[in-house]
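Before any comments, here is the structure.
All of these numbers come straight from a predicted model, not from anything done at the bench. Numbers restart at 1 for each chain; the letters A, B, ... are given by sequence-line order, proteins then strands.
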Amino acid sequence: MFPVIRVEQIGDYEGQEVTIRGWVYNRTHKGKLVFLLMRDGYGFAQCVGFKNDLPADLFDAMTRIPQESSVIVTGVVRADPRAPGIPGGYEVGITGFEVVQAVEGEYPIALKEHGVEFLLDNRHLWIRTPSQWAVLRVRAVVIAAIHEWLADNGFIHMDTPILTPAACEGTTTLFGTEYFDEGVAYLAQSGQLYNEANIFAFSRVYCFGPTFRAEKSKTRRHLTEFWMVEPEIAFCDLDGVMEIEEQFVSHIVQTALKKCAPELKALGRDVTALERVTPPFPRISYDDALAMLAEIRAQTEDPEAKALLDIEWGMDFGSPHETALTKKFDKPVFVYGYPTAVKAFYMEPWPGRPEVCKSVDLLAPEGYGEIIGGSERISDPDLLLQHIHEHNLPEEAFKWYIDLRRYGSVPHSGFGLGVERTVTWICGIDHLREAIAYPRMINRVYP
RNA sequence: UCCUCGGUAGCUCAAUCGGCAGAGCGGCCGGCUGUUAACCGGUUGGUUGUAGGUUCGAGUCCUACCCGAGGAGCCA
């Protein structure tokens, strides 16, 4: 028995006879020569068999093995620049071949173009293909980098409830579910309010979990179930949270660059755009952003695009605005100081300008748009209560939340980073649905 | 919810003015010693999204509905 290798480390085994256990991603044969492109979960490696070097029945079995059959291949690793694969550059000269299960009938996903609906119906199989495999590997590294940076910077991971009594922000649609004698409970769309309680016990905390939005959004930027990491920091103002965000996002991107080079290469990602993602990030005010948008709009010829860029002070940005704005920067950009009216009730007003609040969004470059929304939170109990009334929220539901400002209130801030949006940007793909293994959308809960 | 586009073989698509429903891929059979979604020859494969209507004749025209994609709004 030869050592069972992981294909990601194939280069370490040059000249050695090894075993690869996995699946036949592709097979082609040319008379007396057969190529098997093997997947083992860790990578893709080409294995080559010559008819003259192998028993006739074994060679014949190799030329007939159907796509996605599970097999065990042994052979000698050699460097060859012609060899495809991830990481590639090495191939295995086959000396042994054992079939675990030969696929019967047609494998649904042929190696050619397919439509989106078909691929999503076969998502359980689609994740085996190199592009999807690579994206989901990047996602795993991004998530690990998130936990790593936060742990290294004094944050404690605190899980927050998924079943919650009511809307945290009251504006968006929630999924409801019957909850015994308590009426309806709602699936969480943020753990922030609980995080705010937790910082008074632990100073820096974060929650990381699924978030549910029942909005009928049907765009490449939306899922009904997505993952969000929400750090919250005591004794931190708006400037402080921007510093944390730029360190945090830079660490995530640089870790992905370091650990996922083969995956990003397989995706065809231009990594120079990612290499620039280091602190500090540019910071512009909402007012300045409006001025920039007005200029961009003035230079836009196409009347349809021009109309989409139309905006007045007091309006929130739509995706056309974000896209246009981020194309002016080669790094993520902070936009801070949004109008109070379009933001949540808990955001601290700008000193001397109550129509503006201490909110900040982080927009990813290359047109990707918002990946983080954050703010400094109101720390005065009376002001918070006033905002709760102004938003017509039930005061009694927020009693515990107001308590936080009565017992040792401090300036504090926090933000939420969307995992799928971040992965989509880092991978350079064009739709959120590929950044999660089993996307949940307005018209899809299968598989 | 609104706007635009689409639905034909397992998959990706073609079908001219309304006139015999086709190709590539996949599958199957054969050939080939460097393939990169190999290539070459043969073969298999159809309730044209659903229901109605117009017509000698409908994939094609009309009506309604269903499903999908892209965008808007909302947001991470």
- Message: Using atom P in both nucleotides, what's the gap between B/G59 and B/C20 to the nearest angstrom?
- Response: 10 Å
- Query: So, does the side chain of A/N52 form a donor-acceptor pair with the base of B/U33 at under 3.5 Å?
  - Reply: yes
- Task: Please determine if a side-chain N or O atom of A/R64 lies less than 4.0 Å away from the OP1 or OP2 oxygen of B/G30.
- Result: yes
- Assess whether one donor atom and one acceptor atom, taken from the side chain of A/S217 and the base of B/C75, lie less than 3.5 Å apart. no
- Item | Distance between C1' atoms of B/G41 and B/C32 (Å, rounded) | 12 Å
- Indicate yes or no: at least one non-hydrogen side-chain atom of A/I94 is less than 4.5 angstrom from one of A/T74. no
- Which whole number of Å gives the distance between the C1' atom of B/U50 and that of B/G7? 12 Å
- Go through residues 416-434 of chain A and report each residue with a non-hydrogen atom lying under 4.0 Å from RNA chain B, sorted by number. A/G416, A/G418, A/R421, A/H431, A/L432, A/R433
- Message: Quick check on B/U33: is either OP1 or OP2 less than 4.0 Å from any side-chain nitrogen or oxygen of A/K30?
- Response: no
- Presence of A/K216 side-chain N/O under 4.0 Å of B/U1 phosphate oxygens OP1/OP2: yes
- Query: Can the ring centroids of A/Y206 and A/H147 be said to lie less than 6.0 angstrom from one another?
  - Reply: yes
- Per the atom types in the model, does the base of B/G24 pair as donor or acceptor with the side chain of A/E113 at under 3.5 Å? no
- Item | Atom pair distance, as rounded to whole Å: CD in A/E106 and C1' in B/U43 | 14 Å
- Query: Given B/C11, is OP1 or OP2 found less than 4.0 Å from the side-chain N or O atoms of A/N122?
  - Reply: no
- Task: Sticking with atom C1', work out how far B/G31 lies from B/G70, rounded to a whole angstrom.
- Result: 45 Å
- Message: Rounding to an integer number of angstrom, what distance separates B/C17 and B/C74 when you compare their P atoms?
- Response: 44 Å
- Message: Does the structure show A/F35 stacking with B/G34, if we require the centres to be closer than 5.5 Å and the planes to be within less than 30 degrees of parallel?
- Response: no
- Message: Counting C-beta onward and ignoring hydrogens, is there a side-chain heavy-atom pair between A/W227 and A/E420 closer than 4.5 Å?
- Response: yes
- Determine whether A/T340 and A/M347 make a side-chain contact, defined as any pair of heavy atoms from C-beta on separated by less than 4.5 Å. no
- When rounded to the nearest Å, what value does the distance between P atoms of B/U4 and B/U44 take? 45 Å
- Query: Where the side chain of A/Y286 meets the backbone of A/G314, is there a donor-acceptor pair that is under 3.5 Å apart?
  - Reply: yes
- Message: Any non-hydrogen side-chain atom of A/F329 less than 4.5 Å from a side-chain atom of A/P365?
- Response: no
- Please determine if A/R78 and A/D80 form a salt bridge, counting it only when a charged side-chain N lies under 4.0 Å from a carboxylate O. no
- Message: Taking B/C67 as the reference, what is the distance to B/U55 when you measure between their P atoms (whole Å, please)?
- Response: 32 Å
- Message: Would the distance check show the side chain of A/H321 and the main-chain N or O of A/L308 forming a donor-acceptor pair, the cut-off being under 3.5 Å?
- Response: yes
- Task: Starting at atom CZ of A/F118, determine the distance to atom P of B/A9, rounded to an integer number of angstrom.
- Result: 12 Å
- Task: Just do the ring pair (Phe, Tyr, Trp, His ring centres under 6.0 Å) check on A/F317 and A/Y338 with the steps written out, would you?
- Result: CA-CA 10 Å; A/F317 294 146; A/Y338 285 83; 5.6 Å; yes
- Query: Looking only at N and O atoms, is any donor in the side chain of A/H114 or the base of B/C11 less than 3.5 Å from an acceptor on the other one?
  - Reply: no
- Using atom P of each nucleotide, how far apart are B/U16 and B/A23 to the nearest Å? 16 Å
- Nearest of B/A69, B/U35, B/C75 to any side-chain atom of A/K218? B/A69
- Message: Using a 3.5 Å distance criterion without hydrogens, assess whether the side chain of A/E232 forms a donor-acceptor pair with backbone atoms of A/E196.
- Response: no
- Toss me the dot-bracket line for RNA chain B: Watson-Crick and G-U wobble, both under 3.5 Å, 5' to 3', using | for pairs to another strand and [ ] for crossers. (((((((..((((.....[..))))((((((.......))))))....(((((..]....))))))))))))....
- Message: Under 4.0 Å, counting only non-hydrogen atoms across every strand here, what does A/P108 touch: a base, just sugar-phosphate, or nothing?
- Response: nothing
- Message: Do A/K331 and A/F281 form a cation-pi contact, if we require the NZ or CZ to be under 6.0 Å from the six-membered ring centre and within 45 degrees of the ring's axis?
- Response: no
